[in-house]
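All values derive from a computational prediction rather than experimental measurement. Scope of the values below: all heavy atoms of this structure, side chains included, with no hydrogens, waters or symmetry mates.
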Amino acid sequence: MSDLPSDVETSTVSQEPFSTKPDRPRGKPGQRDLTTGHIGRTLLAFALPTLGSNILQSLNGSINAIWVGRYLGEGALAATSNANIIMFLTFGAVFGFGMAATILVGQSFGRHDLEGARRAFGSAVGLVLGGAIVIAALGWVFAPEILHLLATPGDAMPLALAYLRVIFLGLPASMMMVLLMMGLRGTGDSMTPLWFMLLSAILDSGLNPLLIAGIGPFPQMGIAGSAMATLIASHVSLLGLIVYIYKRDLPLRLRGNELRYLIPERALAGTIVQKGLPMGAQMLVMSTAGLAMVGLVNRLGVDTAAAYAVSQQLWTYIQMPALAIGAAVSSMAAQNIGAGRWDRVGDITKYGLLFNVALTGAMVGVVILFDRPVMTLFIGSDSPALPIARHIQLIASWNFILFGMTMVLFSTVRANGAVIAPLIALIVALYPVRIGFALLAKPWLGADALWWSFPLGSLATLAIAAWYYRYGNWRKGALVVPDDSEEQAHGMSEPGGRLQPTG
């Protein structure tokens, strides 16, 4: 029956009078069945829109940094860098729930269980929205203390505080936007997130100079204006995406009685929390390691802090292919694991590694060749931070090739719910290896110890990831949506969560 069109297959299955197998979710605009077709072409076609979303997000951040640097100077640029690290930390506290839900959605789609996907996604929305609101409130209150812990330079402190507090206000909308995009990718749709990331980037980058400088009817808000632009863009894009999902009747929309899924079921919430906390902890580990590095960099003076901020802007572009390929590998592996297509999972990983080395390696080469003209967009050509930033790039930028390979391997194992080993690997690589080397080697290498710690940490993470992928037990079982006992009590059909785990 594999040669028949999908609608014929679905029709044939639906005619079985006593079948409890859920119908295949209907195809929607931009949605892909990731369990069929040539693996390399399918992976690349799914990854490219995700890469486009990453490019837009990074361009948006870079354009905003240009406005801040040009209008307000190096101190304000260092302030936004410190604040952005904190936001990554706060995202990590609730982001793992979204990652767990995305895996559940992907595996549910692989086994053609649309209701299971909606239940998982609804529970994730309830959990993430509640967590984001709590974190935003705490962040607003304790923003000064957080910045003091970072050893934020004194001249950057008031700027960082003004920027960070407004950013915290927009955290719930930003988190919901990310969660919706992750869920859509779990269904095989990577095009819809691209269009709404484009809308967000246009609004954010366009409003930045208007609100910073007070152009036309807009108030002059300084660095807080940059954060306000992000807040406005997040809310408008989120509202637009929700309207689009319902207007096009995309698979994850909830209607009528399905709205109860927004109140997390106990068993399903337990699954999401059990898998989501370790994945969120991975982001927290990366964030706290980033905060520790920022603290070490800040102690080297405002020029080095500004140089590091510029380097981070370039690194966002270098790592974009790795992040896009990792997201594509995760979604594709989850659907194939849900469908029981383990014969394809290994090839998905191999293609992911190949594409990462090619694309990330090309990005590293381009950035090193053209680093000076790009850096002068953020700081003046006569800035003392410029040679420091170029030196950082030469030492550290190639580590993202290793980082991308690790992303692919971890994305595959996480697609089947294996989350503890990646967490342990990150803890070992980032703390005893990266931060430990930076501290111990500083008396001999000076500031270079900080920059050399990046490739050393990435090499350690890759070694652990490769070992676990080859010898770990991550292939056992599958991450399934738990039973909905309430629906069974009302005599509804057996949910997809009752299907036996694959692999």
Arg255, CZ atom: more than 12 neighbouring heavy atoms under 6.0 Å: yes
Arg253/Glu258 under salt bridge (charged side-chain N to carboxylate O under 4.0 Å, His left out): CA gap, chis, key distance, verdict: CA-CA 9 Å; Arg253 96 290 179 274; Glu258 294 171 339; 2.9 Å; yes
Pair Ser190, Thr50: side-chain N/O donor-acceptor within cut-off below 3.5 Å: no
Aromatic plane relationship, Tyr351 with Phe355 - under 30° parallel, 30 to 60° tilted, over 60° perpendicular: tilted
Distance-only polar pair, side chains of Asn356 and Thr360, donor-acceptor under 3.5 Å: yes
Crowding at CD, Gln312 (>12 non-hydrogen neighbours, <6.0 Å): yes
For His391, ring pair (Phe, Tyr, Trp, His ring centres under 6.0 Å) partners two or more places apart: none
Residue pair Leu180 / Tyr244, side-chain heavy-atom distance below 4.5 Å: no
Val413 side chain reached by Arg475 side chain, heavy atoms, under 4.5 Å: no
Between Thr230 and Asp204: side-chain donor-acceptor atoms closer than 3.5 Å: yes
Donor-acceptor pair between Asp113 and Ser108 side chains, under 3.5 angstrom: no
Residues forming a ring pair (Phe, Tyr, Trp, His ring centres under 6.0 Å) with Phe454, sequence neighbours excluded: Trp315
Crowding at CZ, Phe370 (>12 non-hydrogen neighbours, <6.0 Å): no
